[in-house]
Amino acid sequence: MTTPSQTVGPFFGFALPYAADWELVPEGHPGAVTITGVVLDGAGEPVPDALLELWTGEPGDRGALSREGAGVSGFGRCGTAPDGSYRFRLAPPSRPYAALLVFARGLLKPVRTRVYLADAPDPLLGSLDPARRATLLARPEGQDVYRFDVRLQGEQETVFLEF
Amino acid sequence: MTHPPYLHPDYASTVLRAPSRQPLEMKEDPEAAELTGPVFGHGEVDALDADLTTGHAGEPLGERIIVTGRVLDAAGRPIPGTLVEVWQANSAGRYAHQRDQHPAPLDPNFTGAGRCLTDDEGRYRFVTIKPGAYPWRNHPNAWRPAHIHFSVFGTAFTQRLVTQMYFPGDPLFAFDPIFRSIPDPAARERLVAAFDLDVTEPEWALGYRWDIVLGQTPMEDA
Ligand SMILES: [Fe+2]
């Protein structure tokens, strides 16, 4: 019988973040892109105590935890800043998307979604009306930077997924 | 129903953070990135990180405990080599976190964060001290039962679990909206560790056993 989920709570900050956790590739890695954005609650306020985890589906050759090696890792973690912002530096994934999990105080279980870096032909994107699909599309914003906001609740609520 | 719902108004922070729509059920896709997950190497985790009572100048105050168990998949198979992370308050109920304002003492000899990889049989084992209960501002006179926060990866991103382990017989269970957010009382009990005299080490530390099961088990959809 499955173990139930409980909230990550407000006090994970001294335990779960680790050095270079958001850097799936080192600075200067050829072709690297940055995904950045904010996490917002149902009132449109930033969520300053969320923890995001990104997974590209490819383990790569750089430590997921130790960050040893100059290569590529498929996993990253980033706690939000006081303004609700987060960021990940990664090599463009081979799939059109990266998987994203968001944990926070007030979330009794994580929300999971996908960050699509391109509006590619895709069964999930294809199943959504344009307004809902737009919540999964990262917006190019300057050189090699993509903007992806997570709206936990409300009018423009991000599409969340269940497997 | 195993997991709590997103919206549980007794836990006030859910009100503005719970999604208002049901999550979209994904169609089966063997290529989905979520069916795999990160792998953590033995070289990445220091064996000393599983003992939360060391690494400081002296010994932490409180009741020394051993917490051990297995990480299993929904079919009951052990999951070896998976990352287990824990964090907790000290024996006075205070976190080593700058935003914790509870006027209980910090312990210079206790930080309260640890991690390990499960062994070949899926076992994890931590040495720590029993955390204290602590107040929070959810409602008047609100107190969290003593708990250890757990984070577990498993073999797929779909199995990712963050939860809390509780101690048997805690009188605060009846008043805790986080514990009680799990609708099924039998499922709540699966978060309560068992005291185990075989895990207990004479003249040294009390032992608790707690197994963690990841993923959906058949027959209990969502
Ligand atoms: Fe806690």
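These numbers were taken from a predicted model, which means no experiment stands behind them. Convention: sequence-line order gives letters A, B, ...; per-chain numbering from 1.
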Quick check for you: to the nearest 0.5 Å, what is the distance between B:R188 atom CZ and A:Q6 atom CD?
10.0 Å
Taking NZ, NE, NH1 and NH2 as the nitrogens, is one of them in A:R114 or B:E34 under 4.0 Å from a carboxylate oxygen of the other?
yes
For chain A, which of B:I212, B:D211, B:I178, B:V45 has the most heavy-atom pairs under 4.5 Å?
B:I178
Can you tell me which portion of B:Q88 sits under 4.5 Å from chain A's heavy atoms? Options are side chain, backbone, both or neither.
backbone
Intermediate values then yes/no, side chain to side chain contact (heavy atoms under 4.5 Å, CB included), B:L214 and A:T3
CA-CA 6 Å; B:L214 304 180; A:T3 304; 5.9 Å; no
Heavy-atom pair count under 4.5 Å with chain A, highest-scoring of B:A187, B:A89, B:A18:
B:A18
Where on B:D184 is there a heavy atom nearer than 4.5 Å to chain A: the side chain, the backbone, both, or neither?
neither
For a quick check under 3.5 Å, do B:E44 and A:Y18 share a side-chain donor-acceptor pair by atom type?
no
Contacting moiety of A:F103, where chain B heavy atoms sit under 4.5 Å
side chain
Is it true that a side-chain atom of B:S20 and a backbone atom of A:Q153 form a donor plus acceptor pair closer than 3.5 Å?
no
Which portion of B:V15 sits near chain A, non-hydrogen atoms under 4.5 angstrom
backbone
What part of B:V162 gets closer than 4.5 Å to chain A, counting heavy atoms only: side chain, backbone, both or neither?
both
Would you indicate whether the side-chain heavy atoms of A:R132 and B:L24 approach each other to under 4.5 Å?
no
Determine the minimum heavy-atom distance between B:A33 and A:Y97, stating which atoms define it.
N-OH, 3.0 Å
In terms of heavy-atom pairs under 4.5 Å with chain A, the winner among B:G43, B:A113, B:A186 is B:A113
Could you tell me if the side chain of A:R105 sits less than 4.5 Å from the side chain of B:Y11, heavy atoms only?
yes
Between CZ on residue A:F11 and CD on residue B:Q98, distance to nearest 0.5 Å:
10.5 Å
Gap separating the NE2 atom of B:H149 from the OG1 atom of A:T7, nearest 0.5 angstrom:
8.0 Å
Going by heavy atoms in the side chains, are A:L108 and B:H3 under 4.5 Å from each other?
no
Interface moiety of A:F12 toward chain B, non-hydrogen atoms closer than 4.5 Å
both
Has the side chain of B:T2 got a donor or acceptor atom that lies under 3.5 Å from a matching backbone atom of A:P4?
no
Would you say the side chain of A:F163 lies within less than 4.5 Å of the side chain of B:D29, judging by non-hydrogen atoms?
no
Under a 4.5 Å heavy-atom cutoff, which of A:P110, A:P123, A:G60, A:G74 has the most pairs with chain B?
A:P110
Heavy-atom pairs under 4.5 Å with chain A: which of B:S151, B:G112, B:G41 has the most?
B:G112
Do the charged groups of B:R21 and A:E157 touch, with an N to O distance under 4.0 Å?
no
What part of A:V111 lies closer than 4.5 angstrom to a heavy atom of chain B: side chain, backbone, both or neither?
both
What's the separation between atom CD in B:E85 and atom CZ in A:R77, rounded to the nearest 0.5 Å?
4.0 Å
So OH of B:Y6 and CZ of A:F160: to nearest 0.5 Å the spacing works out to 7.5 Å
Using heavy-atom distances under 4.5 Å, tell me whether A:T56 contacts chain B through its side chain, its backbone, both, or neither.
backbone
Using a heavy-atom cutoff of under 4.5 Å, enumerate the residues of residues 28-41 of chain A that contact chain B, numbered in order, or state 'none'.
A:D41
Output for pair (B:T158 OG1, A:W55 CH2), nearest 0.5 Å, gives 12.0 Å
Top contributor to chain A contacts, counting heavy-atom pairs under 4.5 Å, from B:K27, B:Q164, B:M26, B:E31:
B:M26
Most heavy-atom pairs under 4.5 angstrom with chain B, which of A:S73, A:G57, A:S127, A:P59?
A:G57
For B:L7, is it the side chain, the backbone, both, or neither that has a heavy atom closer than 4.5 Å to a heavy atom of chain A?
neither
Max heavy-atom pairs within cutoff under 4.5 Å with chain B, candidates A:R151, A:R67, A:R95, goes to A:R95
Tell me, for B:F157 versus chain A, whether the close heavy atoms (under 4.5 Å) come from the side chain, the backbone, both or neither.
both
Between chain A and each of B:G114, B:A96, B:A156, count heavy-atom pairs under 4.5 Å; write down the option with the most.
B:A96
Chain A contact via B:A32 - side chain, backbone, both or neither, heavy atoms under 4.5 Å:
both
Using heavy-atom distances under 4.5 Å, tell me whether B:L161 contacts chain A through its side chain, its backbone, both, or neither.
side chain
For A:P10, is it the side chain, the backbone, both, or neither that has a heavy atom closer than 4.5 Å to a heavy atom of chain B?
backbone
Hey, does A:M1 have a side-chain heavy atom less than 4.5 Å from the side chain of B:V213?
no
Scanning both residues in full, the closest heavy-atom pair of B:T111 with A:F14 reads O-CE1, 3.1 Å
Turns out that what part of B:I182 lies under 4.5 Å from chain A's heavy atoms comes down to side chain
Can you say whether A:E45 sits under 4.5 Å from chain B via the side chain, the backbone, both, or neither, judging by heavy atoms?
neither
